[in-house]
Colleague: 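Mind looking over this structure? Questions follow.
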Amino acid sequence: MSTINPLSEKTMQAIVLSIGDELVSGQTVNTNATWLSAQLSQLGITTAAHVTVGDDLPAITHAIQRAAAETDLLLISGGLGPTDDDLTRQALAAALGDKLIVDEAALAALTAWFAKIQRPMSGSNHAQAMRPPSATCLPNAHGTAPGLKATLGKAQIYVVPGVPREMKGMWRDAIAPAIKTAAGDQVVRIAKLSTFGMGESLVGEKIKDLMVRGANPAVGTTVHDGIVSVRIYARGSAAQTEAMVAQTIARVTERLSPVIFGQDDETIEGAVAKLLLARGLSVTTAESCTGGLVAQLLTATPGSSAYFSAGWVTYANDAKEQFIGVPHELLEKHGAVSAPVASAMAEGARQRAKSDLAVALTGIAGPSGGTAEKPVGLVYIALAHAQGTIARGIVFPGERDQIRLRAAQMALSIIRWFLTDENLDKIFPPEVLNGPTR
Ligand code: ATP
Ligand code: MG
């Protein structure tokens with residue numbers, strides 16, 4: 001039985017239309033469109049497009065007609081205010097082929113609003129109580145402009161104010177409940193598996209057969225700060241989606257198990273902390289090019305004193321000798337950026353902190369200092385444990401900050417792989433001087 005079922009019925013699609021000169025001119029970031037699309041996706045509705053137009057009557061009218069011809073659901077934000085550049089109401093009327101009329105209930109609500117805040121109501125506020133005859137007004141609990149609901153062709157249209165607070169209030173009060181009813185008992189369940197240590201393209205290749213466009217569950221990848229996430233979206237009844245997500249997690253895990261460090265919001269450092277606590281083991285750090293970043297990440301989790309008591313930042317060669325006992329000859333012979341020095345740093349730190357594990361990093365974060373043999377981005381990472389020491393040299397791409405962060409994440413991953421008994425030689429053969437490509 002396949003776990004990828006083509007959708008039995010076509011799912012609802014939406015277009016989000018944002019109105020405002022400040023949006024098209026780049027003065028205001030269009031947060032309404034992203035917020036609305038995120039809400040829609042939680043209801044299982046796909047956003048087909050974001051459209052943005054300025055405060056121009058023909059342009060808004062045209063955009064409404066075009067979008068309504070293409071979609072089931074059209075959400076419009078902005079241009080409902082009382083000023084001359086607020087034209088969405090007129091544009092909706094034009095798109096519907098109607099003239100605006102006064103909505104008596106909306107006018108009464110507006111009058112009451114101004115009475116309550118003890119301000120005079122201007123003539124232009126009257127315009128806010130107008131609607132096309134076939135439309136209905138949506139009350140605005142947080143401001144003056146009522147929203148609008150209309151139908152054009154097969155499209156349901158909702159118009160909300162541009163002010164984010166008012167837009168969100170109207171979504172929650174009126175729009176989401178109506179759409180939920182239309183969508184039936186369908187829910188969307190989203191799960192995320194986070195990986196580190198494999199490039200996005202290779203991750204994609206390994207789960208290619210699960211990433212079929214339009215499939216349910218849908219599987220996709222995203223990258224952020226070196227972490228490649230596999231996202232799973234399942235649509236259906238609560239019970240169906242739970243089973244679909246569990247099955248897909250199992251299939252993805254089968255292919256990618258060594259590089260998956262967590263689910264949903266779990267971090268690499270959180271995963272390492274959990275493993276150290278479960279095993280009752282302690283760790284220490286000896287860092288050069290990462291300047292304490294690994295120690296910072298290891299102590300990011302509350303309760304970290306249970307597994308971390310001390311760490312060293314030994315940036316200069318002298319410091320490596322003096323504080324963690326790296327032999328002078330070793331530095332002379334191999335240079336600070338070398339596997340033997342990384343190993344000696346880890347062993348020296350482990351001994352001094354009396355910890356079960358020690359991780360050490362020494363590398364070239366750039367931008368200068370690289371050579372043909374030891375390029376910028378080359379970092380040696382060593383892990384000392386009761387039975388011995390493992391060390392790997394990895395070349396990280398990017399600029400200084402990125403190299404430092406990737407190296408720290410890799411050090412944490414090496415601890416994680418050691419604690420989960422992964423065969424590091426399989427992930428990084430000792431002779432390979434290479435890292436993830438992104
Ligand atoms: P009001 O009745 O309050 O005038 P309105 O519907 O006329 O509401 P606009 O005048 O278009 O809304 O926008 C009001 C403010 O809301 C803008 O100054 C802008 O800061 C913000 N805003 C409008 N649209 C968006 C958007 N898409 N994303 C983020 N902020 C927005
Ligand atoms: Mg306005």
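Please read all numbers here as calculations on a predicted model, not as lab measurements. Note that ligands are numbered from 1 as they come in the structure, with each ligand's atoms numbered from 1 the same way.
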Colleague: As an exercise, identify every atom of ligand 1 less than 4.0 angstrom from a heavy atom of Thr31.
Modeller: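 Result: 28 (N), 29 (C).
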
Colleague: Apply side chain to side chain contact (heavy atoms under 4.5 Å, CB included) to Ile179 and Trp171, showing your working.
Modeller: CA-CA 10 Å; Ile179 296 178; Trp171 165 266; 3.9 Å; yes

Colleague: State whether the shortest distance between N or O atoms of Gly162 and N or O atoms of ligand 1 falls below 3.5 angstrom.
Modeller: yes

Colleague: Could you go through His224 and Ile227, starting from their C-alpha distance and side-chain angles, then the distance that decides it, and tell me whether this counts as side chain to side chain contact (heavy atoms under 4.5 Å, CB included)?
Modeller: CA-CA 5 Å; His224 183 67; Ile227 290 165; 5.7 Å; no

Colleague: Flag Thr28 as yes when one of its N or O atoms lies below 3.5 Å from any N or O atom of ligand 1, and as no otherwise.
Modeller: no

Colleague: With respect to Ser18, determine whether any N or O atom, backbone or side chain, lies less than 3.5 Å from an N or O atom of ligand 1.
Modeller: no

Colleague: At a 4.0 Å threshold, what atoms of ligand 1 neighbour a non-hydrogen atom of Val29?
Modeller: 28 (N), 29 (C)

Colleague: Only heavy atoms count here, so choose which of Arg89, Gln27, Glu22 is nearest to atom 19 (C) of ligand 1.
Modeller: Glu22

Colleague: Any non-hydrogen atom of Ala33 lying under 4.0 Å from ligand 1?
Modeller: no

Colleague: I need the atoms of ligand 1 closer than 4.0 Å to a non-hydrogen atom of Ala145, numbered in the order shown.
Modeller: 2 (O)

Colleague: When you look at CG of Asp265, are more than 12 heavy atoms from neighbouring residues, nucleotides or ligands closer to it than 6.0 Å?
Modeller: no

Colleague: Are Arg131 and Thr136 close enough that some pair of their side-chain heavy atoms sits under 4.5 Å apart?
Modeller: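 Side chain of Arg131 against side chain of Thr136, heavy atoms only: no contact under 4.5 Å found.
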
Colleague: Should we count CZ of Arg66 as having more than 12 external heavy atoms under 6.0 Å?
Modeller: no

Colleague: Considering residues, nucleotides and ligands other than His62, do more than 12 of their heavy atoms fall under 6.0 Å from its NE2?
Modeller: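 Check fails, neighbour count at 12 or below.
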
Colleague: Considering only heavy atoms of Asp86, which atoms of ligand 1 have at least one such atom less than 4.0 Å away?
Modeller: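 Close to Asp86: 7 (O), 10 (O).
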
Colleague: Distance under 4.0 Å to a non-hydrogen atom of Gln128: what atoms of ligand 1 satisfy this?
Modeller: 2 (O)

Colleague: So do the side chains of Ser288 and Tyr315 get within less than 4.5 Å of each other, counting heavy atoms only?
Modeller: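 Yes, their side chains come closer than 4.5 Å.
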
Colleague: Any atom of ligand 1 sitting under 4.0 Å from a heavy atom of Pro164?
Modeller: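 It does, in that a heavy atom of Pro164 comes within the 4.0 Å cut-off of ligand 1.
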
Colleague: If the cut-off is 4.0 Å to any non-hydrogen atom of Gly78, which atoms of ligand 1 fall inside it?
Modeller: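 Result: 6 (O), 11 (O).
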
Colleague: Does any donor atom in the side chain of Ser18 or Asn32 lie under 3.5 Å from an acceptor atom in the other side chain?
Modeller: no

Colleague: Need the ligand 1 atom indices (1-based, order shown) with element for anything under 4.0 Å from a heavy-atom of Asn30.
Modeller: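 Once the distances to Asn30 are compared, the set is 26 (C), 27 (N), 28 (N).
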
Colleague: Can you tell me if Ser355 and Thr284 form a side-chain donor-acceptor pair at under 3.5 Å?
Modeller: no

Colleague: Counting only heavy atoms, which portion of Pro161 has something under 4.0 Å from ligand 1: side chain, backbone, both, or neither?
Modeller: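 Both of them.
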
